[in-house]
Amino acid sequence: MSRRIAVLVSGRGSNLQALLDAIKAGTLSADLVGVLSDRPDAPALQKVPEALRWSADAKSFPDRLAFDQALADAVAACHPDWVICAGYMRILGDDFIERFRGRLLNIHPSLLPKYRGLRTHARALAAGDVEHGASVHFVVPELDAGTVLAQVVIPVLPGDTPESLAVRLLPHEHALLTASVALAISGRLTEQDSHPFCDGQPLLKPLALDSSGNLFPSP
Ligand code: GRF
C-alpha cells in the first residue's frame, strides 16, 4: 500500500478535517505526512500538529517559480506517495505538476468538465443546471483539465443560491475526497503512458459515489 499522503490547503480546511476524521475512525488507512500551504494564516494548518505543517507566503518570493520550487521541495521532503490538493487555491506551476504528476489529485466543486476555475456554484445556477456536484481529478498543467477520477452528483433545488448549493455540496465533497484518497492509496490506481488506469483498465469515465460513500464504475 502507498499510504503516505501530503495535503495542500489554503483556507478553512474542512476537506482536510474529513480526511483526519476518516483516519481517526480507521476508515482511511493513510499516513498524513505533511500539510502545506501558500497562506501561513490558513485556518486549515491549525488542524494538525506543528511538526506536520509547512507554509510560506507566496508574496514573499521573488516570483511564482521560486515559490513553486520551495513548495515542491517541501512536499518532496515529506516523501508522500500521493499529494492531495484540498482547497488549495493557488495555481500550481508546470514544474511542480510534472514532479508529482500521476500522484497529484485535486477536489473541485463542479461536475467537470463543466465550470473549471472559480465561482462554480453561481455558474451552475446561472446556466439553469438541474444537477451539480464535485469532482476529484488528476492535476495536469491545464487548469482543472486532468482525468476525472470520481464525481458526486446532487440535485439543484428550487430557490438554491450559490451559498446554499455550496453548503449542501460540502459534505458530499468530503465523502468523495475520502473515498478517492482511499482508492489512491490502495494501489489500484496506476499510470501508463500518462493515462490513469483503475484496476488495470483505463479510466474512461469518472467513478461515481453511492450514498454509503463507496465508489463504483458509473453506468
Ligand atoms: C472546497 O469547496 C473545494 O472543493 C474548493 O475549495 C473549497 C475548500 O474548502 N476547491 P475547505 O478549505 O476544504 O473547507
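The figures that follow rest on heavy atoms only: side chains count, while hydrogens, waters and symmetry mates do not. Whatever order the structure lists ligands and atoms in, that order sets their numbers, starting from 1.
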**Q.** With sequence neighbours excluded, residues passing salt bridge (charged side-chain N to carboxylate O under 4.0 Å, His left out) with Asp41
**A.** Arg39

Q. What residues form a side chain to side chain contact (heavy atoms under 4.5 Å, CB included) with Ala77, not counting sequence neighbours?
A. none

Q.
Parallel, tilted or perpendicular: which one describes the rings of Phe61 and Phe67, with boundaries at 30° and 60°?
A. perpendicular

Q. Do you see a donor-acceptor pair shorter than 3.5 Å between the side chains of His174 and Ser14?
A. yes

Q.
The criterion is ring pair (Phe, Tyr, Trp, His ring centres under 6.0 Å); which residues satisfy it with His172, sequence neighbours excluded?
A. none

Q | Shell of residues surrounding ligand 1, defined by a 4.0 angstrom heavy-atom cut-off that is strict | A | Arg12, Gly13, Ser14, Asn15, Gly87, Ile107, Pro109, Glu173

Q. Does atom CD of Glu50 have more than 12 heavy-atom neighbours from other groups under 6.0 Å away?
A. no

